[in-house]
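Every chain is numbered from 1, with letters handed out A, B, ... down the list of sequences.
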Amino acid sequence: MKKSPINNIHMLQIQKNLLDWYDQNKRDLPWRRTQDPYSIFVSEMMLQQTQVKTVIPYYGRFLTELPDWQSLAKAKEEKILKLWEGLGYYRRARNLQAAAKMIIEEFNGHLPQTREEILKLPGVGQYSAGAVLSIAFQKAEPLVDGNVIRVFSRLFVLRGNLKTGENHQNVWEIARSLIPSKRPGDFNQALMELGATLCLSDNPQCLLCPLFQFCEAAQRGIQTDLPEMPKAAKNIEVPIAALLVENKKKILVKKRDENEKWLKGLWEFPSAEGKTMDEGRQKMEKEYNVMAEKKPFKSIRHQITNHKIHLDLFIARNKKTIKASTHLKWVTPAELEDLPFSSAQGKLRQWVLKNFVQKNNSK
DNA sequence: TAACCGTGGCC
DNA sequence: TGGCCAAGGTT
């Protein structure tokens with residue numbers, strides 16, 4: 001174990017300055033108004049790799065519809081995905097329900113209060129375990145997220161990629177050495193709050209920072225050089241052709257199943273990836289035995305992590321009726337709106353509801 | 001271990 | 001406007 005970069009006096013002052021600053025400056029966030037472990041757990045799942053501003057509207061809606069472990073465990077997956085629609089990383093939503101079921105079946109309806117047990121829940125890693133234990137149960141458990149990494153990298157001038165290997169372990173050890181037994185949840189949140197509001201990646205507000213006098217990087221004027229992040233992966237272009245098939249005022253949609261690579265359980269216009277858009281379109285014509293127009297009805301560009309998706313929607317005429325199944329469905333415009341869609345295909349849906357359906361109804 | 005999973009906001 | 005990134009987890 002590496003020696004901590006701080007002595008005891010510094011540690012106490014850092015704790016005090018940070019907590020005092022937090023008390024004066026913390027944002028009024030909905031999950032800071034509750035002590036309910038379930039609500040806090042839901043907030044932490046939503047906040048994984050997702051900014052506070054994005055989560056806020058989802059959080060209240062979700063808890064109104066699914067206020068406790070029981071209702072979440074019993075809910076239809078489709079309902080949960082609809083509440084999650086647009087938030088991304090949809091595996092989180094499915095894991096959340098799996099966690100609710102496990103809590104009811106294996107933990108007597110209550111969140112476990114040890115790191116070892118809470119880590120057994122799907123979708124809970126070291127960060128979320130620390131967050132829930134400290135915030136909901138006042139356990140002196142540390143947490144490390146992107147904010148903490150950025151703050152520590154500057155406070156102690158930690159170099160290299162802090163997200164992997166030995167460096168990452170070191171950050172955790174510092175976090176553990178710093179956590180106070182009094183108000184651990186507030187301390188953890190204060191650390192993240194600092195990273196989210198002052199210790200910013202691009203333009204850190206060092207003059208307002210309660211830790212300025214302790215910050216090694218600020219003293220040396222190298223705060224914008226830290227943290228040292230690895231280069232992002234190169235983007236990959238992905239053409240995807242989607243079909244708009246209509247019959248008797250109903251539209252054909254497909255549910256993505258379990259062997260899909262991503263967006264599992266979400267609905268979409270039937271679609272196929274190809275090396276080129278032409279190839280994708282022809283795949284679809286063959287699979288559904290339809291004739292598609294050569295020109296797309298609507299074209300969307302969408303970024304998913306490092307994939308640049310070119311999504312084209314082609315109007316198709318069916319030669320014979322396509323049979324519905326569990327994964328293939330004919331829906332009315334109203335039903336179409338109620339299905340959980342991904343963001344990219346959701347844009348297509350919006351366009352269809354606005355332009356295709358209206359035009360169709362008026363003739 | 002490193003690549004993969006989504007999205008909207010930001011400059 | 002294109003590239004980068006955020007209260008991470010999983011495999």
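Each of A:G165 and A:T54 lies near DNA chain B, and the nucleotide nearest A:G165 is the one positioned closer to the 5' end. Mapped onto DNA chain B by nearest heavy atom, A:W262 and A:N161 fall at different nucleotides, with A:N161 at the one closer to the 5' end.
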Less than 3.5 Å apart, which donor and acceptor atoms pair up between the side chains of residues 193-203 of chain A and the rest of the protein, not counting sequence neighbours?
{"residue": "A:E193", "atom": "OE1", "partner": "A:R27", "partner atom": "NE", "Å": "3.3"}
{"residue": "A:E193", "atom": "OE1", "partner": "A:R27", "partner atom": "NH2", "Å": "2.9"}
{"residue": "A:E193", "atom": "OE1", "partner": "A:R32", "partner atom": "NH1", "Å": "3.3"}
{"residue": "A:E193", "atom": "OE1", "partner": "A:R32", "partner atom": "NH2", "Å": "2.9"}
{"residue": "A:E193", "atom": "OE2", "partner": "A:R27", "partner atom": "N", "Å": "2.8"}
{"residue": "A:E193", "atom": "OE2", "partner": "A:R27", "partner atom": "NE", "Å": "3.0"}
{"residue": "A:E193", "atom": "OE2", "partner": "A:R32", "partner atom": "NH1", "Å": "3.4"}
{"residue": "A:T197", "atom": "OG1", "partner": "A:E193", "partner atom": "O", "Å": "2.8"}

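Among residues two or more places apart in sequence or in another chain, the side-chain hydrogen bond (donor to acceptor under 3.5 Å, both in side chains) test is passed with A:W267 by A:E78. Every residue two or more places apart in sequence or in another chain was checked for a side-chain hydrogen bond (donor to acceptor under 3.5 Å, both in side chains) with A:Q282, and none qualifies.
The distance between atom CD of A:Q350 and atom P of B:dG8, rounded to the nearest whole Å, is 10 Å. Between A:L200 atom CG and B:dG9 atom P the separation is 17 Å, expressed in whole Å. As a whole-Å value, the separation of A:K308 NZ from B:dG6 P is 19 Å. Taking atom CG of residue A:L266 and atom C1' of nucleotide B:dG6, one finds them 10 Å apart after rounding to whole Å. When the P atom of B:dC11 is taken as reference, atom CG of A:N203 falls 9 Å away, rounded to whole Å. The distance from atom CD1 of A:I309 to atom P of B:dG6 is 10 Å, rounded to the nearest whole Å. Spacing between atom CH2 of A:W84 and atom C1' of B:dG6 amounts to 12 Å, rounded to whole angstrom units. Per the geometry, CG belonging to A:L87 stands 12 Å off P belonging to B:dG9, to the nearest Å.
At a cut-off of 3.5 Å, with distance as the only test, a side-chain donor of A:R92 or A:T50 sits close to an acceptor on the other residue.
When heavy atoms are screened at a 4.0 angstrom cut-off, A:H307 is found touching the sugar-phosphate backbone but no base atom. Among the heavy atoms of the strands lying under 4.0 Å from A:L263 are primed sugar atoms or P, OP1, OP2 only; no base atom is included. When heavy atoms are screened at a 4.0 angstrom cut-off, A:K264 is found touching no nucleic acid atom at all.
The gap from the P atom of C:dC4 to that of B:dA3 amounts to 15 Å, rounded to the nearest Å. Spacing between B:dC4 and C:dA7 at atom P, rounded to whole Å, works out to 23 Å. Spacing of C1' atoms, C:dC5 relative to B:dG6, comes out at 13 Å, to the nearest Å. For the C1' atom pair drawn from C:dG9 and B:dG9, the interatomic distance equals 23 Å after rounding to whole Å.
Other residues sharing a hydrophobic cluster with A:I222 under the 4.5 Å side-chain heavy-atom criterion for ILVMFWY residues are A:V157, A:L226. Annotation for A:I135: hydrophobic cluster partners, listed by chain and number, are A:I40 (ILVMFWY side-chain heavy atoms under 4.5 Å, direct or chained).
OP1 or OP2 of B:dC10 lies within a sub-4.0 Å distance of a side-chain N or O belonging to A:K53. Phosphate proximity of B:dG6 to A:H302: absent, as no side-chain N or O sits under 4.0 Å from OP1 or OP2.
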### Query
How does protein reach along nucleotides 6-11 of chain C, written 5' to 3' as B (base within reach of a heavy atom under 4.0 Å), S (only sugar-phosphate), or - (no contact)?
BBBBS-
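Between A:E85 and A:K82, at least one side-chain N (NZ, or NE/NH1/NH2) sits under 4.0 Å from a carboxylate O, which counts as a salt bridge.
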#### Entry: A:Y22 vs A:F187, ring-ring contact (aromatic ring centres under 6.0 Å, His included): CA-CA, chis, key distance, verdict
CA-CA 8 Å; A:Y22 181 68; A:F187 178 80; 9.8 Å; no
